[in-house]
Amino acid sequence: MQNQLTLFNTLSRTKEKFEPVNPGLVGLYVCGPTVYSDVHLGNCRTFISFDLIYRYLLHLGFKVRYVRNITDAGHLEGDRDEGDDKFAKKAKLEQLEPMEIVQKYTLGFHDVMQAFNTLPPSIEPTATGHICEQIEMIKEIISKGYAYEINGTVYFDVEKYNKEFPYGQLTNRKLEDLLEGTRELSGQDEKRGRLDFALWIGAKPETLMRWPSPWGWGFPGWHIECSAMSSKYLGNTFDIHGGGMDLQATHHTNEIAQSQACNHKSPVKYWMHTNMLTVNGVRMSKTAGNGFLPGELFTGNHPLLEKGYSPMGVRFFMMQSHYRSTLDFSNEALQASEKGYARLMTAIKTLEKIKPSSNSGIFLNERIKACYDAMNDDFNSPVLIAELFEITREINSANDGKISFSESDIKGLKKLMHNFVFDVLGLKSESSNTSKDKALQGVMEIILEIRKEIKTKKDFASSDKLRDDLKKINITIKDTKDGATWSIEE
RNA sequence: GGUCCUGUGGCCGAGUGGCUAGGCUCAGCUCUGCAAAAGCUGCUACAGCGGUUCGAAUCCGCUCGGGACCUCCA
C-alpha cells in the first residue's frame with residue numbers, strides 16, 4: 001500500500017508518486033504558528049489538513065518524524081526589516097514580558113489543536129531555542145558568499161543567488177517579474193537588492209528580544225528559523241515540507257534559497273501547500289478582520305455564527321473538502337456537515353448491533369480498495385467520505401434487514417470504519433465517559449423502561465409528553481423495533 | 001501591471017474525454033400508535049460563446065465573473 005501513494009508537489013505542479021528519501025521513513029516539516037495572538041480558524045485548517053496527512057502516512061506504516069515549529073521571535077511586522085518584532089510590540093501593548101505572550105498563546109494553540117483532535121508533532125521546536133543553529137547557518141551562508149552584513153544586519157543576496165539557482169521556482173516566477181512587483185529602494189534602505197531579505201536583524205535600543213551574534217546584538221529573520229530547524233531535525237534533504245499557500249511565494253521561496261546557498265542541495269523533495277479558508281468568498285485573515293476564533297466557533301459567540309459548532313463537526317466539515325481547494329465557511333454548510341457527521345457516527349454504532357448472517361450481501365474488498373484509492377490520490381478525503389457514506393447506507397440497510405452481512409463482513413467493516421474514521425480522518429465520538437455521564441446513562445435507562453410500560457398500556461399521551469419534554473432539554477428519543485434509544489443533540 | 005488558481009444542480013463539495021461522486025435541503029412513498037430515524041424514488045448540474053473530437057463539464061481559444069500571491073498572515 002505504501003507504494004501507491006501519490007501527492008501533489010508544488011515544485012513540479014503535478015501529482016507525483018511518493019517515494020521517501022529513505023524507504024519506510026518520512027520527514028515531515030510544517031510551518032507552525034507565530035504565537036503573538038490567538039490562532040484563528042485559517043491556521044487551524046492548515047494544521048488539520050496536515051494532521052490528516054500525518055495520520056495517513058502513519059496508517060500506511062511509515063515511521064514519520066513530524067516537526068512543526070513555534071515561531072516565538074524575529075517575525076517582523078513589515079517588509080522593511082526594521083522596528084520591533086511582533087512579540088515585543090504586543091508585549092508593550094499588554095505590558096507583559098515577550099515570553100509571557102509566547103507562553104500564553106502557545107498554551108492556547110495547544111488547547112485548540114487538542115480540541116480538533118490533532119496528533120501532536122514529534123518535535124515542536126521554537127525559534128528562540130535555536131538561535132545558535134540559526135547563527136551558524138547565517139555564518140555559513142555568508143562564507144559561501146550569498147549574504148552580506150550592513151550595520152549589524154545580514155541580508156541574503158537574492159540576485160547573486162539567482163545567477164546559480166532558480167530563485168522563483170516554487171511559484172514559477174522569473175526574477176525580472178518579481179522585481180517588477182517590488183517597490184523601489186528608498187533612501188532609508190540599506191540592503192543592496194530590492195528582493196534581498198534579512199537573515200539577522202541588528203537590535204535597536206528599544207528592541208526587547210535580542211541575542212548576541214557575530215554581527216552584534218540582534219534577532220533572527222523570519223525565514224531562517226525553519227531552514228535551521230528543519231535541517232537540524234530532518235537533514236539537509238527531507239521528504240515533505242508543508243504550510244499554507246500564502247507562505248509559498250515568500251517564506252518557502254526564501255527557505256529554499258537559504259538551504260541551497262548553504263548546502264547546494266534542494267532541501268525538500270515534496271512541497272505541499274494547503275488552500276485558504278474563506279468567509280463569504282473572501283480569505284479569512286487576521287488583518288481582514290473577518291476571521292473568528294476557534295472558541296467563538298465552538299460557542300457560537302460571533303455575529304457571523306447562528307450557533308455553536310462542535311470541534312468534531314468542524315473537523316468533519318474541513319475533511320469534506322480537499323486540502324488544495326478553498327473552503328468557504330457558512331452556517332448552512334456547517335450545519336449540513338454536522339448532520340452528515342452525526343449520520344456517519346450513528347452508523348458506526350449501528351454496526352455494533354447487527355447480527356451476522358450466513359451469507360454476504362456486500363463487496364467488502366471493493367469498498368476497502370475504494371477507500372485506499374481515495375486517500376492514495378493526494379489525500380482525497382472528500383472522496384473517502386463519499387465512500388464511507390455508501391457504506392453507511394449499506395449498514396443501515398443491513399440493520400433494516402434489507403441486505404445481510406456475514407460475520408467476516410461485520411468484522412471487516414468494523415475494522416474499515418475504525419481505520420478510516422478514527423485513525424485517518426481523526427474523528428472521534430464526542431461522548432465522554434465521566435461518572436456523571438454514567439449516571440445519566442442509568443437514569444435514561446430507567447426512564448425508557450417506565451415509558452415502555454406506559455406505552456404497553458397504550459397511554460400514548462403520557463409517553464409522547466415524556467418524549468416531548470426530554471426533547472426540550474435536547475434529549476431525543478427514538479422508538480425502533482428493538483425498543484427505544486436516546487441521544488443528546490448538540 | 002506581473003504570476004497563478006477558479007466558476008459544477010436550492011446550498012456545500014468531488015471528479016474522469018464517453019459509464020450522470022457524496023453530504024445537506026425539498027417532494028412523494030415504505031415502515032411506525034404518532035414522531036423521529038432508516039430505506040426507496042424524484043429534482044440529471046457543470047458561467048457564456050466558439051473550436052478540436054465519433055463524443056467534452058472534463059482539452060484549446062475568447063468573453064464575463066470570483067479569488068490568491070507579488071507587503072505581515074496557515
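Keep in mind that what you see is a predicted model, and the values were worked out from it rather than measured.
If you take NZ of K15(A) and P of G15(B), they are 6 Å apart, rounded to a whole angstrom. Rounding to whole angstrom units, NZ of residue K174(A) and C1' of C4(B) are separated by 13 Å. Whole-Å rounding puts the M375(A) CE to G15(B) P distance at 13 Å. Residue Y54(A) contributes atom OH, which lies 22 Å from atom P of A74(B) at whole-angstrom precision.
The gap from the P atom of G10(B) to that of G65(B) amounts to 23 Å, rounded to the nearest Å. The gap from the C1' atom of G2(B) to that of C11(B) amounts to 36 Å, rounded to the nearest Å. A distance of about 29 Å separates the C1' atoms of C19(B) and G28(B), rounded to the whole Å. Spacing between A68(B) and A21(B) at atom C1', rounded to whole Å, works out to 27 Å. Taking atom P in both C64(B) and C29(B), one finds a spacing of 50 Å when rounded to whole Å.
Counting non-hydrogen atoms under 4.0 angstrom, Q248(A) reaches nothing in the nucleic acid. Using a 4.0 Å heavy-atom distance criterion, T485(A) is classed as making no nucleic acid contact. Looking at heavy-atom distances under 4.0 Å, G243(A) makes contact with sugar-phosphate atoms alone, never a base. Within 4.0 Å of A333(A), counting heavy atoms only, lie sugar-phosphate atoms of the nucleic acid but no base atom. Within the 4.0 angstrom heavy-atom criterion, no nucleotide atom of any strand lies near L334(A). Counting non-hydrogen atoms under 4.0 angstrom, R45(A) reaches nothing in the nucleic acid. At a threshold of 4.0 angstrom between heavy atoms, the contacts of T171(A) are confined to the sugar-phosphate backbone, with no base atom among them. Within 4.0 Å (heavy atoms only), H273(A) reaches no atom of the nucleic acid at all.
Taking the six-membered ring where the residue is Trp, H252(A) and W271(A) present tilted rings, their angle falling between 30° and 60°. Taking the six-membered ring for Trp and thresholds of 30 and 60 degrees, F379(A) and Y56(A) have ring planes more than 60 degrees apart, a perpendicular arrangement.
In this structure, N69(A) contributes its side chain and P125(A) its backbone to no donor-acceptor pair below 3.5 Å. Here the side chain of T346(A) pairs a donor or acceptor atom with the backbone of A342(A) at under 3.5 angstrom.
When the side-chain nitrogen and oxygen atoms of N275(A) are compared with OP1 and OP2 of C5(B), none of them lie within a distance under 4.0 Å. Between T250(A) and C70(B) there is a side-chain polar atom (N or O) within less than 4.0 angstrom of OP1 or OP2. Checking the phosphate oxygens (OP1, OP2) of C72(B), no side-chain nitrogen or oxygen of T34(A) falls inside 4.0 Å.
Side-chain contact of T71(A) with E225(A): a donor-acceptor pair under 3.5 Å is present, judged by distance alone.
For the ring pair (Phe, Tyr, Trp, His ring centres under 6.0 Å) criterion with Y66(A), the lone passing option out of Y54(A), Y233(A), F47(A), F238(A) is Y54(A).
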- request: Could you walk me through whether N254(A) and Y167(A) pass the side chain to side chain donor-acceptor pair (under 3.5 Å) test, one step at a time?
  value: CA-CA 8 Å; N254(A) 291 342; Y167(A) 177 72; 2.4 Å; yes

message: Run the side chain to side chain donor-acceptor pair (under 3.5 Å) test on T46(A) and T274(A) for me, step by step, so that the C-alpha distance in whole Å, both residues' side-chain angles and the decisive distance to 0.1 Å come before the verdict.
response: CA-CA 6 Å; T46(A) 293; T274(A) 58; 2.9 Å; yes

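Between S321(A) and G244(A), the residue anchored closer to the 5' end of RNA chain B is S321(A), taking for each the nucleotide with the nearest heavy atom.
Stretches of at least 3 consecutive Watson-Crick or G-U wobble pairs, with each checked distance under 3.5 Å, appear in RNA chain B as B:1-7 with B:64-70, B:10-12 with B:22-24, B:26-30 with B:38-42, B:47-51 with B:59-63.
Seen from the ring of F8(A), R324(A) counts as a face-on cation partner, given the 6.0 Å and 45° thresholds.
The listed nucleotides are G22(B), C70(B), G13(B); the one nearest the side chain of E390(A) is G22(B).
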field: Nucleotide-resolved protein contact map, nucleotides 33-40 of chain B, B/S/- at heavy-atom distance under 4.0 Å
entry: BBBBSSSS

Please list, one pair per line, the donor and acceptor atoms closer than 3.5 Å that link side chains of residues 291-298 of chain A to other protein atoms, with sequence neighbours excluded.
| residue | atom | partner | partner atom | Å |
| --- | --- | --- | --- | --- |
| E296(A) | OE1 | L293(A) | N | 2.9 |

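Between M318(A) and S49(A) the shortest side-chain heavy-atom distance does not fall below 4.5 Å.
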